[in-house]
Each structure stands twice: as C-alpha cells, then as structure tokens.
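Data first, discussion second: the structure below is written as structure tokens.
Worth knowing before you read on, the calculation uses all heavy atoms, side chains too, and leaves out hydrogens, waters and symmetry mates. Because the structure is predicted, anything quoted here is derived from the model rather than measured.
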Amino acid sequence: RFSGRGMQERDEAIGCGDPQGYAGGGRREILVKDDFHHLVVLDPYSTPALQPLFRHRGNHGRFPWIGDVDGDGKDELLAGYSFIDDNGKSAWSLPLGGFAEAVAVIDPLSPEGENKRIFLACGDEGLIVLNVPGARHSGQEIDRPRVRLAPASRLSVAKFRADLPGLQIAALSSPETGSIVRLYDATAKLLWSKELAQAGAMLTLVNWSGGGEELMLLSMAPGSGLLSGRGTVAVEAPASGPCLWCDTSRAFCGDGRDAIVAWDSQQLAVYLPDDAPLTSTVYRPKRLGSESASNFRAQVSVPAEWNKF
C-alpha cells in the first residue's frame, strides 16, 4: 500500500537503477511506479526484504530516467515533471499540463558528459529542453533556459548523422497531431520534419550498416522501413510478409549489428542486412539496458568511446 489510495491494481513500470543505485556503494534498488502519480524505491537487501527507501507523489509521466546526474555517486530520478534527488526529495518540478511521454538526460555534444541536458517529450506541450539545474561547466554554474519545440510523444537520441557533431535527437508527435518525425541537432536546431503515412512508429534504433549512423525503425508495412538521419527511407520494408508488429533484435548478427523482427498472428520473420556478417570492424554503440525496456522509455544510444550517459 504505497499510494495512499489502497492497493494498486496495476504497477505499470518496474525497473532498477544503475549499479551505483540511490544509496551508492554499488548497491541496486528497485523502482516501482504506476501511471502516473505514485512511485516507490524498494531496498532488496533489507530485512524483511523490499522495505521502501522512499516514496514520491507527483506528475511522473510514462517512464522515468535514472542516472547519476550530479556526479555524487548516487542516482537521481527524473520522473515526468519531477526531478527527485537520491534522498527522495523533489529538487524541482515543472508546472506544465499533460504529462511527459518520454524523458532523457544526456550531453548530446561531449563524450565526457560535461554539459548534460534534459529532454522531455511532453505530447502537445512539446519537446522541452532544459539544462540540468545547478550543473557547472568550467567552474561556472549553467543557467537553466527552457526551449519548447514542436509536439513530441516519442524520443530517440543517437548518432543519426556522421557529418554533424555530437548526437541528434529524433522526436515523434502523436497520431492525433499527424505522426510527424522531427530531427534536431545537438543544439536543438530543427534539421528536418517528415509526416508519416503509417501510425504506430516508435523510432526504434537500428544499427543496420555498422558504419556509424543509426536508423529509425518506422514499421515493416510495404512502403515503410528504416528512416535515415537525412529523412529518407534508407531500407525499404519487403512487399510481403508479416508486418503487424515489429522490433529490433540487438546485435543479432554475428558482427554486432541489429536484426529486424516482424510478426503477426500467423507468422514471424527475421530480417538481416544482406552482407551479414561482416568481417571488418563495425560500429558498436552503447545503449540503455534491456532489463527495463518499454515502449514508453526514451531510446538512447551513444558511440562506444562515450561515457555511458
């Protein structure tokens, strides 16, 4: 009974922090939350087990971001519009309507993570970009500008363009606003936008060529496929075959590249690059772990030489 409203009927998201955890010292904890207002962090090492370390109530959105944002060796939690310190206290919150569909905290320009920024896909409220409050760069405290961009309900951050510095940010508006994909550079400048013919895209990251540029999986319906960082369909879906659902199988190919899995109620198909497996060195990005994978989690992928988030 962690909500104050009786036993929750559905616990919508269950995940765990990075190795340092909220308590630090290499311990890991368990985060349980509902849609959209209650969360609790549990201690699996307690006696009796799973005693709460802290509870929090707020506008937590779909799926939180967990990571050591301030460099103190303990995880902080960005849950929707609430930034929660490792002691369970709200460091700050945003007075916005609706809720955050996806959130991420990352430095899109520096492999060292010196200037992390907060990205929130807030549906019709837009894609909101903030500097981390209280963060310091070169000894100077960074201000906290708010940049509000076009509507966004899905968020993917990766190296989509090898010709541009840093990472790029892909955002997808909801079907109600036209299912438009927009790609931004590392400074949140719009590069292009493209309206999709099919609904239901998740902007799943795909390391298809192994050449250093990732693609976005739209769907495996005829006429769709893998979208490049230049706004073109780089790999077309087959004219026939199962296409009701699809996803990526990470590093399925023997060389480290991804495969596409598509299925319906009758069939399942696995698609590989024509030249797999490669014997040459291929791009092997770092990604978020799969233990807490969700359709609502922001997808983040960085080059191997980057400090992971």
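For Asp258 (side chain) and Asn207 (main-chain N/O), a donor-acceptor pair under 3.5 Å exists by modelled atom type. Checked by atom type and distance alone, the side chain of Ser173 pairs as donor or acceptor with a backbone atom of Ile180 at under 3.5 Å. Side-chain atoms of Asn59 come within 3.5 Å of backbone N or O of Gly98 as a donor-acceptor pair. Side-chain atoms of Tyr283 do not come within 3.5 Å of backbone N or O of Ser209 as any donor-acceptor pair. With Asp107 contributing its side chain and Asn115 its backbone, the two residues share a donor-acceptor pair below 3.5 Å. When atom types are taken as modelled, the side chain of Ser294 and the backbone of Phe296 share a donor-acceptor pair closer than 3.5 angstrom. Of the possible donor and acceptor atoms, one in the side chain of Lys33 sits under 3.5 Å from a partner among the backbone N and O of Arg62. One N or O on the side chain of Asn87 and one on the backbone of Lys89 form a donor-acceptor pair closer than 3.5 Å. A donor-acceptor pair under 3.5 Å is formed between the side chain of Glu213 and the backbone N or O of Ala162. Under a 3.5 Å cut-off, the side chain of Ser90 and the backbone N or O of Trp92 do not form any donor-acceptor pair.
Salt bridge status for Lys159 with Glu214: absent, with no side-chain N to carboxylate O gap under 4.0 Å.
Taking CG of Leu227 as the start and CZ of Phe160 as the end, the distance is 9.0 Å to the nearest 0.5 Å. Within the model, atoms OG1 of Thr204 and CD1 of Ile260 stand 8.0 Å from one another, a figure rounded to the nearest 0.5 Å. Note: His56 NE2 to His38 NE2 = 11.0 Å, rounded to the nearest 0.5 Å. The distance from the CG atom of Leu272 to the CH2 atom of Trp208 is 6.5 Å, given to the nearest 0.5 Å. In this structure, CG in Leu278 is found 8.5 Å from SG in Cys253, a value given to the nearest 0.5 Å. Residue Lys194 holds its NZ atom at 7.5 Å from OG1 of Thr232, rounded to the nearest 0.5 Å.
Heavy atoms from other residues, nucleotides or ligands lying under 6.0 Å from CG of Asp275 number more than 12. With a 6.0 Å radius and a threshold of 12 heavy atoms from other residues, nucleotides or ligands, Glu305 has its CD atom above the threshold. More than 12 heavy atoms of other residues, nucleotides or ligands sit less than 6.0 Å from atom CD of Gln51. For Phe99, the CZ atom is densely surrounded, since the number of other residues' heavy atoms within 6.0 Å is greater than 12.
In this structure, Val103 and Phe83 have side chains that are not in contact, with every pair of non-hydrogen atoms separated by 4.5 Å or more. Looking at Leu205 and Thr248, their side chains never come closer than 4.5 Å, going by heavy atoms from C-beta outward. When side chains are defined from C-beta on, Val261 does not count as touching Trp245, because their heavy atoms never get closer than 4.5 Å. Side-chain contact between Asp68 and Glu76 is present, with at least one heavy-atom pair separated by less than 4.5 Å. Between Leu39 and Leu31 there is a side-chain heavy-atom pair separated by less than 4.5 Å. Side-chain contact between Asp247 and Trp263 is present, with heavy atoms from C-beta onward closer than 4.5 Å. Counting heavy atoms from C-beta outward, Pro238 and Met220 have side chains that approach closer than 4.5 Å. In this structure, the side chains of Glu125 and Arg148 come closer than 4.5 Å at one or more pairs of heavy atoms.
Across all non-hydrogen atoms, the minimal contact from Asn131 to Ile118 is O-CD1, 4.4 Å. The two residues Pro242 and Ala262 make their nearest non-hydrogen contact at O-CB, 3.3 Å. In terms of heavy-atom proximity, Pro44 sits nearest to Leu50 at CA-CD2, 4.0 Å. Shown here for Asn295 and Arg154, the closest heavy-atom pair between the two residues is O-NE, 3.7 Å. Minimum heavy-atom separation, Val105 to Trp65: O-CZ2, 3.2 Å. Pairing each heavy atom of Ser46 with each of Asp43, the nearest pair is OG-O, 2.9 Å.
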Evaluation steps, side-chain contact (heavy atoms from CB on, under 4.5 Å), between Leu190 and Arg182: CA-CA 7 Å; Leu190 179 65; Arg182 295 177 175 89; 3.9 Å; yes
From CA spacing to verdict: side-chain contact (heavy atoms from CB on, under 4.5 Å), Leu78, Val69: CA-CA 10 Å; Leu78 179 61; Val69 176; over 6 Å; no
Step-by-step salt bridge (charged side-chain N to carboxylate O under 4.0 Å, His left out) determination, Lys74 to Glu29: CA-CA 11 Å; Lys74 300 178 183 179; Glu29 290 83 37; over 6 Å; no
Step-by-step side-chain contact (heavy atoms from CB on, under 4.5 Å) determination, Tyr184 to Leu127: CA-CA 11 Å; Tyr184 302 90; Leu127 175 61; 3.7 Å; yes
Stepwise side-chain contact (heavy atoms from CB on, under 4.5 Å) check, Leu155 with Leu172: CA-CA 7 Å; Leu155 184 64; Leu172 176 69; over 6 Å; no
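Val235 and Val206 fall within a single hydrophobic cluster, where Ile, Leu, Val, Met, Phe, Trp and Tyr side chains are chained together by heavy-atom contacts under 4.5 Å.
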